[in-house]
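What follows is a set of notes on a single structure, which appears directly below.
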Amino acid sequence: MEKDLDGRFERLEKALNNMIDSVVKNNPSEQLAEELVAAQDDVMAGLKLLETHQNNYARIQQLRREVSRYDDQIKDIINSLWQMRKELVAVTATPPGGSKYQFTTEELLTFARQISRKTLPLPGVLNSYLDANTARPAEPESQTAQTPNTSFNFGLSNASIGTPGPMSASTPNTAANDTTTQQTSQLPPSQPYTKPPTTEEKLPAHLKPAVNPLLEASFQPWPTAEQIRSGALADIQRLVDKGIDPKNYDPAEEERKRVAEEQAKKEAEEQARREREEAERRMREERERMARERERARQMEAVASGAGGRGAERRDSVAVGMGRAANKPKQFTFLGADDDDEDDEDD
Amino acid sequence: MDSGPMSVDSSTLDPPAPPKNTTDEPKYGGHSRFELELEFVQSLANPLYLNYLASRKFLTNPAFVAYLDYLQYWTRPPYLKYLTHPTASLKMLQLLQKEKFRQDIMSPDLAQAMMVEGVKAAVEWHREP
């Protein structure tokens, strides 16, 4: 580029010198002047070219800078990636080969819902714990902190007796509770109207659970002793204590069986009673029928014998009287009939 | 409960089926084996219960130890999801596999300390940032 420009300048200089010479010699030549103009145009074109060249060069420089910046950036990224990879490799998260179980989101949510109440105390309990924690650090345990060795005894003997065990770990807490309750109960007699009650409104102790259901609530991240004592295993223990083999023994089933048996027994009794009544009724009807037949037979006989003598009438009346008498005590009906027959035969 | 020899021969038992076809299964006092074992594993979460078991010499009974080993099926699906106190239950079950812990839990002090720690952890775990 420089050589090209130098050439053009030389040409311009030469043309200019020639022109000057010709002017100095007072012999200007048109040809020289045109040469000078052409040389000048040439230089101008060269300068234009130079400008383009410079612009291009600047552009190249700029691009180079960008390239180097991006190169640095790439290097940084690669460097940090490498670092990251090194850290990742260094982290030993789960031991390889550890158990990984498949589960669905729904299962996970169900499980979370199921355990949420058991793993985190309700806000009220939490607050009371935190309050108590500042004053009495071991407050929540106080309710279950009685005598570890005896608190799970299922037997009748132990259930009824709240044995104060050899362990005295619970005594400070329970004592603390006791003192609070005693304070509340003893407050009115100890300070009767000496100190006017402050504007602070205090509910009587027996009304507190009504406004705050969580008052007595406690939280333990495991099943409580009461829950264990009222569970199925305790049921079985009670069965064993009664001498019943719990295997294949279902109290509900047994109860159902017992009720069914009673029902069947009742029904059988009812059935027997009905049958007895039915038999009695049939017997009564039979007797009445026979009595009616006998009556009819007697009347027929009376008609057949016509307006017989007095004896016949007397016998009839006797027979009727006997029939009436026989109708009253029913067990003599057949005897009466027999008598009648004999009477008839005798006649 | 009696601390005599246990009648549970857990070595030959497979874990009970999860509750779906429990109709023809033998029942114990009206409860299925699944229910009973679930309840027992959950109960193990209570340190005082463990102390009670230890004090009744259950934890030194080889049959009972074998039963505890057998109960580890609760660490696997599909049984895992039925635990309502999974952390405490499974941790205790894990601890109970160690003989030292089975001996140490005889101490009421340890049970008491575990209770205090357990409640503290349960209350405070979510407060951490």
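Protein chains get the first letters and strands the later ones, always in sequence-line order, with residue 1 at the start of each.
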| In terms of heavy-atom pairs under 4.5 Å, which option from Pro86(B), Ala88(B), Ala54(B) contacts chain A the most? | Pro86(B)
| task | Write down the atom of Leu83(B), the atom of Ile115(A), and the distance for their closest heavy-atom approach. | result | O-CG2, 3.5 Å
| said: Restricting to non-hydrogen atoms, name the atom on Lys81(B) and the atom on Phe111(A) that form the minimum distance, rounded to 0.1 Å. | reply: O-CD1, 3.3 Å
| Student check: side-chain heavy atoms of Met115(B) and Trp222(A) closer than 4.5 Å | yes
| request: Ignoring hydrogens and angles, tell me if any N or O in the side chain of Glu35(B) forms a donor-acceptor pair with the backbone of Ala232(A) under 3.5 Å. | output: no
| Contacting moiety of Glu107(A), where chain B heavy atoms sit under 4.5 Å | side chain
| field | Atom CD of Glu99(B): over 12 foreign heavy atoms under 6.0 Å | value | no
| query | So do His31(B) and Asp235(A) actually touch side chain to side chain, heavy atoms under 4.5 Å? | reply | yes
| query | Within the side chain of Asn46(B), is there an N or O that forms a donor-acceptor pair under 3.5 Å with the backbone of Pro223(A)? | reply | yes
| field | Segment of Leu44(B) engaging chain A (4.5 angstrom heavy-atom cut-off) | value | neither
| remark: side chain to side chain donor-acceptor pair (under 3.5 Å) pairs touching residues 256-266 of chain A, sequence neighbours excluded, are Glu253(A)-Arg256(A), Glu255(A)-Arg258(A), Arg258(A)-Glu262(A)
| message | Ignoring hydrogens, what is the shortest heavy-atom contact between Glu39(B) and Ile228(A)? Give both atom names and the distance. | response | OE2-O, 4.3 Å
| field | Residues in salt bridge (charged side-chain N to carboxylate O under 4.0 Å, His left out) contact with Arg273(A), at least two apart in sequence or another chain | value | Glu270(A), Glu277(A)
| message | Looking at Arg274(A), I want to see if its CZ is surrounded by more than 12 non-hydrogen atoms of other residues, nucleotides or ligands under 6.0 Å. | response | yes
